Amino acid sequence: MTTNDSTDFIRSIIAEDLKANKNDGRVVTRFPPEPNGYLHIGHAKSICLNFSIAEEHEGGICNLRFDDTNPSKEEIEYIESIKEDVKWLGFDWQDRLYYASDYFEQMYEYAGQLIKAGAAYVDDQSADQIRLTRGTLTEPGIESPFRDRGVEENMDLFRRMRAGEFPNGAKVLRAKINMSHPNLNMRDPVMYRILHTAHHRTEDKWCIYPMYDWAHGIEDSIEGITHSICTLEFEDHRPLYDWFLDRLGVYHPRQIEFARLNLSYTVMSKRKLLGLVKEGNVTGWDDPRMPTISGLRRRGFTPEAIRNFCDKIGVAKRDSMVDMALLEHCIREDLNKRAPRMMAVLRPLKVVIDNYPDNHVEELDAVNNPEDLGAGVRKVPFSRVIYIEQDDFREDPPKKYYRLAPGREVRLRYAYFITCTGVVKGEKGDVAEIHCTYDPATRGGDAPDGRKVQGTLHWVSAGHAINAEVRLYDRLFTVENPAAAKDEADYRSLINPDALQVLRGCMLEPGLGAVKPGAIVQFERMGYFVSDTVDTRPGSPVFNRTVTLKDTWAKIEKAQVRQQDSRGAKGKEKPVKPGSGPEPVVEEVTIDDFSKIDLRAGVIREAGLVEGANKLIRVMVDLGEGRLRQIFAGIRQAYPEPEKLVGKQVMVVANLKPRQMKFGLSEGMILAGAGKDKLGVATFDGQLSPGDKVS
RNA sequence: UGGGGUGUCGUCAAGCGGUAAGACACGGGCCUUUGGAGUCCGCAUUCGGAGGUUCGAAUCCUCCCACCCCAGCCA
């Protein structure tokens with residue numbers, strides 16, 4: 001029942017308009033970036049929306065238009081990058097590349113019309129005065145003393161503004177609407193300001209520049225846009241958009257707003273992105289950690305994956321935060337089908353196969369892509385000394401570890417079964433190299449006797465390996481929503497220091513020496529990688545990790561570590577070594593933002609000991625919800641007879657994720673503290689009822 | 001305390017008065033020469049809350065609550 005006949009609200013509106021025969025059946029959209037920064041994945045959503053909608057309709061078109069109305073912020077560099085990115089995503093504006101600045105003369109003339117109609121006036125007030133007299137959210141503004149100038153005087157002044165007779169800020173042209181309007185945007189908004197700044201296209205032809213609200217509708221109107229799609233924050237501006245167009249009596253497109261994209265573990269604001277670039281937290285707009293189109297491209301993302309992602313996230317009006325895991329899913333899905341498989345050892349561990357003849361080399365067949373047999377096979381050299389991944393050997397393997405360990409047999413992919421016979425230690429007790437024997441009968445990786453091994457490892461022949469630098473990229477921030485940080489300083493402290501890990505001395509199979517910059521491959525078992533387009537040099541390859549493969553073992557191991565931790569100090573065994581980098585193991589309390597803690601008054605109705613837990617007591621708390629909440633609290637030490645807690649008023653953190661404990665679900669947390677010498681619950685004296693907010 | 005929006009699974013998101021799609025994530029099984037891929041199963045008795053209308057409500061009405069945006073001569 002659910003095929004793709006459901007669609008987003010914007011397409012529905014367009015379909016209805018078409019049905020009602022508006023715009024003579026035309027569908028014209030536009031993507032209108034301001035050239036003051038690089039495009040990011042959020043823009044991709046808008047680009048896909050606008051261009052795809054046009055493509056979906058017979059004769060539909062989408063223009064690329066630079067909204068270059070503010071010369072002090074805009075640069076040619078950005079124009080070029082934006083054009084490149086839109087093209088790379090696979091969209092074509094054909095010959096319809098426009099600039100707001102192309103319409104400056106027309107806008108000027110329209111402004112004159114409004115002045116003549118008594119709908120606009122030149123105001124001599126300073127920016128400060130205008131701000132002060134705009135009123136507030138709840139109080140109306142005050143009309144400017146210059147508001148009732150005559151038409152002739154206004155026309156004269158406006159002409160002289162253009163002629164350059166006044167300095168920056170001396171005068172503005174304002175629309176004469178209503179200083180008491182509840183919508184602030186309608187309180188005589190500024191249409192033109194004086195800016196003695198050269199424009200990157202019109203150069204010094206103009207010293208007055210139109211404001212967005214005045215300009216945008218005119219641009220849309222001139223281009224015959226039918227549906228002007230923009231983001232939610234412009235919803236308040238729509239009445240103004242409509243007002244200008246109605247006053248002018250010109251063709252009037254329909255503005256529709258949708259929610260911009262937010263992606264977890266990154267930021268999307270141009271200002272923040274620019275900050276990262278300027279402060280050197282990243283190497284540039286195209287740093288592979290950046291959510292920019294150019295960064296994603298350099299990271300190894302494909303246009304197909306990004307477009308598919310934009311399809312999957314949908315279009316709606318509610319503020320949302322899309323999980324980075326979805327983007328990662330999209331790129332894996334795409335690359336799984338097309339990326340050739342190769343072997344690369346990122347953190348090499350030397351393996352000597354003692355019973356393999358010295359100086360002997362074999363060429364073994366390897367499948368290029370199991371998902372696409374048409375991709376063929378290749379030869380990889382095998383010899384007595386090879387490298388495997390350090391992570392693929394453990395002297396003391398934990399449970400469920402399928403890889404190599406002393407005495408264990410594993411398969412080397414496309415090669416032989418090998419059995420570990422010895423470990424050579426370095427000075428610090430580290431594993432310097434290992435020794436193995438191989439079974440010649442298992443050539444190619446199959447045992448004729450049918451015996452099985454649990455693990456299959458990738459490897460590279462030491463004598464044939466290519467030395468390379470590999471850059472491991474990860475999420476830019478350590479928290480889901482870095483933009484929610486209270487201030488700039490701690491937003492910067494949220495940058496993930498491990499978002500880039502540079503590995504040198506990585507060992508690649510020989511064929512990898514020949515791939516071209518920009519080529520995408522899968523390093524078997526490690527992830528998808530792209531040959532870096534900027535730093536790769538002949539003879540010294542650099543690869544960027546796009547995304548890891550899904551890693552079931554990492555998940556198991558993480559769970560093991562967690563279990564170890566929660567067993568606490570009594571088990572004294574060292575936790576198994578984490579597979580890759582330090583994982584923040586924070587499981588006690590799960591709440592995104594402590595400022596959002598929901599502290600409520602509660603009354604303990606039942607309390608008792610917990611069998612098999614010497615620190616816990618179980619309480620049932622009344623939060624005025626019509627049912628009692630079960631909470632486990634580690635305060636038995638202070639209340640050996642928990643029954644005495646019954647009837648006590650306590651403070652409960654009510655919006656924690658319920659936590660499944662061995663004994664049952666714990667639905668909150670009771671505030672308790674260690675006083676001078678004793679632990680106790682925090683209580684209060686006030687007249688609060690169960691469920692009342694305390695915070 | 002003004003105006004404009006939005007609230008459906010952990011995260012996105014369908015649904016438009018006929019009894020809660022799908023995707024990601026998560027958990028489990030099968031399969032496997034990538035612990036990859038694939039595949040199968042599970043995952044909202046309930047739609048911010050409370051009332052009301054109706055045979056029937058996520059969908060209609062009323063009130064309430066929460067969150068987002070707006071006081072640039074930025075876009």
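Reckoned from all heavy atoms, side chains included, excluding hydrogens, waters and symmetry mates. Not measured: the values here are computed from a predicted model. Just so it is clear: chains get the letters A, B, ... in the order the sequence lines come, proteins before strands, and each one is counted from 1.
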| query | Are the ring centres of A/Phe104 and A/His199 closer than 6.0 Å? | reply | yes

| task | Answer yes or no for A/Arg413 and A/Trp459: cation-pi contact, defined as NZ/CZ to six-membered ring centre under 6.0 Å and angle to ring axis within 45°. | result | no

| query | With side chains defined as the heavy atoms from C-beta onward, is the minimum distance between A/Asp372 and A/Arg338 less than 4.5 Å? | reply | no

| message | Any N or O donor-acceptor pair under 3.5 Å from the base of B/G4 to the side chain of A/Asn183? | response | no

| query | When we call it a touch if two heavy atoms are under 4.0 Å apart, what does A/Gln125 touch: a base, just sugar-phosphate, or nothing? | reply | base

| field | Under 3.5 Å donor-acceptor pair, A/Glu235 side-chain atoms to B/G3 base atoms | value | no

| message | Does the structure show A/Trp553 stacking with B/G35, if we require the centres to be closer than 5.5 Å and the planes to be within less than 30 degrees of parallel? | response | yes

| message | Between B/C73 and B/C68, how far apart are the two C1' atoms, rounded to whole Å? | response | 27 Å

| message | Between B/U46 and B/G15, how far apart are the two C1' atoms, rounded to whole Å? | response | 14 Å

| query | Side-chain donor or acceptor of A/Arg525 under 3.5 Å from a matching atom on the base of B/G35? | reply | no

| message | I want to check one thing: is the phosphate of B/C70, taken as OP1 and OP2, less than 4.0 Å away from some side-chain N or O of A/Arg134? | response | no

| query | Only one of A/Lys399, A/Arg394, A/Lys400 forms a salt bridge (charged side-chain N to carboxylate O under 4.0 Å, His left out) with A/Glu557, so which one is it? | reply | A/Arg394

| task | Answer yes or no: does a side-chain N or O of A/Thr552 lie under 4.0 Å from OP1 or OP2 of B/G36? | result | yes

| query | Can you find a side chain N or O atom of A/His458 that sits less than 4.0 Å from OP1 or OP2 on B/U34? | reply | no

| remark: Per the O4'-C1'-N9-C4 / O4'-C1'-N1-C2 angle with a 90° window around 0, B/G72 comes out syn

| query | Any side-chain N or O of A/Arg318 less than 4.0 Å from the OP1 or OP2 oxygen of B/U8? | reply | yes

| query | What integer number of Å spans the C1' atoms of B/G56 and B/C63? | reply | 24 Å

| task | Considering only atom C1', compute the distance from B/A58 to B/U53 and round it to an integer number of Å. | result | 16 Å

| request: With A/Tyr192 as reference, evaluate A/Tyr121, A/Phe158, A/Phe166 under the ring-ring contact (aromatic ring centres under 6.0 Å, His included) test and give the passing residue. | output: A/Phe158

Scan nucleotides 26-30 of chain B against the protein and return all N/O pairs shorter than 3.5 Å with their distances rounded to 0.1 Å.
unit_1	atom_1	unit_2	atom_2	d
B/C26	OP1	A/Lys555	NZ	3.4

| request: Kindly indicate whether the side chain of A/Arg411 and the base of B/U34 share any N or O donor-acceptor pair separated by less than 3.5 Å? | output: no

| task | For A/Gln454 and for A/Ala316, locate the closest nucleotide of RNA chain B by heavy-atom distance; then report the residue assigned to the nucleotide nearer the 5' terminus. | result | A/Ala316

